[in-house]
Amino acid sequence: MATEGVLFGMGNPLLDISAVVDEEFLNKYDVKLNNAILAEPKHVPMYQELADKENVEYIAGGATQNSIKVAQWILQVPGATSYIGCIGKDKFGAEMKKNSKAAGVNVQYYEDETKPTGTCGVLVVGGERSLVANLSAANCYKSEHLKSPENWALVEKAKFFYIAGFFLTVSPESIQLVAEHAAQKGKIFMMNLAAPFICEFFTEALMKVFPYMDYVFGNETEARTFARVQGWETDNVEEIALKMAALPKATGTHKRIAVITQGADPVVIAEDGKVTLFPVILIPKENIVDTNGAGDAFVGGFLSQLVLGKSIAECVKGGNYAANVIIQRSGCTFPEKPSLL
């Protein structure tokens, strides 16, 4: 059984504003399908346009927060997970706090007085999603909040740490503090490549923390972008995963394991110079509601088993189970109780 506070997450808490749109809508705002980007001025009117749609839904999100909530849902032990990030002092922020606490996560948000809670436009076309994040308050996180005794106590208590790469744009200093703590104490530190733009435009921050990663997660597009930026002349995901796992490590306490998802294709696990493929649970396309949160859910399911000391095969099974549940629902939501045995 999971112990209280065993898993710690840190990231950008965002309220997903999700609606089904058409190709014309994507083109209007210059958004590509299956991508994740940060909002530019041209995207500002898009949020109101989404909010005006009849089918709009508001769901507490943000990549790391999604993964932590899914892990918490599967573990079913109140407070097994904790999460830190920055929200605004507003209605959306209060709603997010209520939502996360109801899910059993020990959230300790830093509340910014000046900016509204961050939002993420989720554009759904034919079950596939594209994300446009307007970070607002999420962008205001300060490492001082993390260093405060009550919050650092959460770091001390945790044995596993997970941070999506998106947080590299906000507080690399906070990530470094957690990474170094994990290395010193022999704990497990994990990150996610998160999006092609992180691999491409935040390379320096990503590579500074890469040696501390005991697990690196990503999807096939992110892995290929990472490889291109590193100058590896291959787009073979298995080869890339092996190379990622073999990059230098800060300490020799744990080996690095690379975990790459490929949508409906098998999950690639690279460790000890070997690749293992794990098929996913296939479902008919008509059963897919939307893929928003599928990757986050996979990580959450994986982490839920990892903190229980399960094998990699069991961790992948947990990840595939969670992703399968989430893609058959709107956003990163789930039924009351998991049925993962």
Side-chain angles (χ1 to χ4, degrees), residues 7-14 16 34-39 61-68 70-71 83-86 118 120 129-135 138-139 141 143 146 160-180 182 188-230 232 237 240-241 243-245 247 249-250 256-262 268 270 292-300 302-303 319 332:
L7 175 61
F8 175 94
M10 189 165 60
N12 301 330
L14 303 173
D16 284 354
N34 275 327
N35 201 3
I37 59 171
L38 291 177
T64 307
Q65 184 163 245
N66 283 342
S67 296
I68 294 296
V70 168
Y83 173 80
I84 275 179
C86 185
C120 183
R129 62 87 181 123
S130 231
L131 309 175
V132 186
N134 183 12
L135 297 182
N139 206 27
Y141 190 77
S143 60
L146 175 67
F160 296 82
F161 302 93
Y162 174 71
I163 304 170
F166 292 118
F167 203 56
L168 286 164
T169 75
V170 173
S171 187
E173 186 193 347
S174 298
I175 297 177
Q176 204 68 27
L177 285 169
V178 172
E180 287 172 8
I188 302 287
F189 180 78
M190 302 170 279
M191 285 193 72
N192 196 313
L193 297 177
F197 84 86
I198 297 291
C199 303
E200 207 155 2
F201 304 116
F202 292 87
T203 315
E204 194 181 331
L206 177 64
M207 295 322 289
K208 187 178 175 191
V209 77
F210 211 94
Y212 294 92
M213 294 182 204
D214 300 309
Y215 285 78
V216 57
F217 294 89
N219 66 25
E220 74 277 41
T221 315
E222 294 147 12
R224 287 184 176 122
T225 305
F226 183 86
R228 179 167 52 76
V229 173
Q230 296 300 313
W232 300 342
V237 174
I240 295 166
K243 283 177 173 281
M244 281 163 69
L247 283 170
K249 283 205 89 241
R256 181 183 300 115
I257 298 177
V259 183
I260 309 296
T261 58
Q262 308 186 88
V268 176
N292 179 30
D296 302 336
F298 174 87
V299 173
F302 189 102
L303 297 181
C332 196

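Just so we're clear, the structure is a prediction, and the values are computed from it rather than from any experiment. Reckoned from all heavy atoms, side chains included, excluding hydrogens, waters and symmetry mates.
- Partners of Ala294 by side chain to side chain contact (heavy atoms under 4.5 Å, CB included), not counting sequence neighbours, listed by chain and number: Ile327.
- Taking every heavy atom of both residues into account, Gly165 and Ala194 meet most closely at N-CB, 3.6 Å.
- The side-chain hydrogen bond (donor to acceptor under 3.5 Å, both in side chains) analysis of residues 207-223, with sequence neighbours excluded, yields the pairs Asp214-Lys249, Asn219-Glu222.
- Val209 and Ala179 make their closest contact through CG2-CB, 3.9 Å (heavy atoms, listed as atom of the first residue, atom of the second, distance).
- Between Phe202 atom CZ and Leu168 atom CG the span is 8.5 Å, to the nearest 0.5 Å.
- Between the side chain of Gln176 and the backbone N or O of Pro172, no donor-acceptor pair lies under 3.5 Å.
- For the side-chain hydrogen bond (donor to acceptor under 3.5 Å, both in side chains) test, no residue two or more places apart in sequence or in another chain qualifies with Thr64.
- Listed by chain and number, the residues in a side chain to side chain contact (heavy atoms under 4.5 Å, CB included) with Ala227 are Trp232, Ile240 (sequence neighbours excluded).
- Judged by distance alone, the side chains of Thr225 and Glu200 never bring a donor and an acceptor atom under 3.5 Å apart.
- Between Ser143 and Leu177, the closest side-chain pair of non-hydrogen atoms falls below 4.5 Å.
- In this structure a side-chain-to-backbone donor-acceptor pair under 3.5 Å is missing from Arg129 to Gly293.
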Could you walk me through whether Cys332 and Val70 pass the side-chain contact (heavy atoms from CB on, under 4.5 Å) check?
CA-CA 8 Å; Cys332 196; Val70 168; 3.8 Å; yes
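- By the 4.5 Å heavy-atom criterion applied to side chains, Phe217 and Ile260 are not counted as neighbours.
- Taking each heavy atom of Met191 and Tyr162 in turn, the nearest pair found is C-CE1, 4.1 Å.
- Under the salt bridge (charged side-chain N to carboxylate O under 4.0 Å, His left out) criterion, Lys243 pairs with no residue at all, not counting sequence neighbours.
- You'll find the side chain of Leu38 stays beyond 4.5 Å of the side chain of Phe166, heavy atoms only.
- Among residues two or more places apart in sequence or in another chain, the side-chain hydrogen bond (donor to acceptor under 3.5 Å, both in side chains) test is passed with Asn12 by none.
- Between the side chain of Arg256 and the backbone N or O of Met244, at least one donor-acceptor pair lies under 3.5 Å.
- Taking every heavy atom of both residues into account, Leu7 and Ala71 meet most closely at CD2-CB, 3.8 Å.
- Annotation: side chain of Phe189 is in contact with side chain of Met213 (closest heavy-atom distance under 4.5 Å).
- The nearest pair of heavy atoms linking Thr169 to Asn139 is O-OD1, 3.9 Å.
- The side chain to side chain contact (heavy atoms under 4.5 Å, CB included) search around Ala245 returns Ala258, Ala270, not counting sequence neighbours.
- Residues Pro13 and Tyr83 have side chains in contact (heavy-atom distance under 4.5 Å, counting atoms from C-beta outward).
- Closest heavy-atom contact between Ala133 and Leu14: CB-CD1, 3.9 Å.
- In this structure Asp16 satisfies the side chain to side chain contact (heavy atoms under 4.5 Å, CB included) test together with Ile59, Cys120, Val122, Asn292, sequence neighbours excluded.
- For Phe161, the ring-ring contact (aromatic ring centres under 6.0 Å, His included) partners are Phe8, His181, not counting sequence neighbours.
- Atom CD1 of Ile84 and atom CG of Leu146 lie 5.5 Å apart (nearest 0.5 Å).
- Counting heavy atoms from C-beta on, the side chains of Met207 and Leu247 come closer than 4.5 Å.
- Considering only residues two or more places apart in sequence or on other chains, Glu180 meets the salt bridge (charged side-chain N to carboxylate O under 4.0 Å, His left out) condition with none of them.
- No side-chain heavy atom of Asn192 sits under 4.5 Å from any side-chain heavy atom of Val216.
- Residues Ile37 and Leu131 are not in side-chain contact: their nearest non-hydrogen atoms beyond the backbone lie 4.5 Å or more apart.
- With hydrogens and angles ignored, the 3.5 Å screen pairs no side-chain donor or acceptor of Ser67 with any backbone N or O of Val299.
- For Asn35, there are no side-chain hydrogen bond (donor to acceptor under 3.5 Å, both in side chains) partners at least two apart in sequence or on another chain.
- Checked against the 6.0 Å centroid criterion, the rings of Phe167 and Tyr141 qualify as a close aromatic pair.
- Gln230 is linked by a side-chain hydrogen bond (donor to acceptor under 3.5 Å, both in side chains) to nothing, counting only residues two or more places apart in sequence or in another chain.
- Considering OG of Ser171 and CE of Met10, their distance stands at 6.5 Å, rounded to 0.5 Å.
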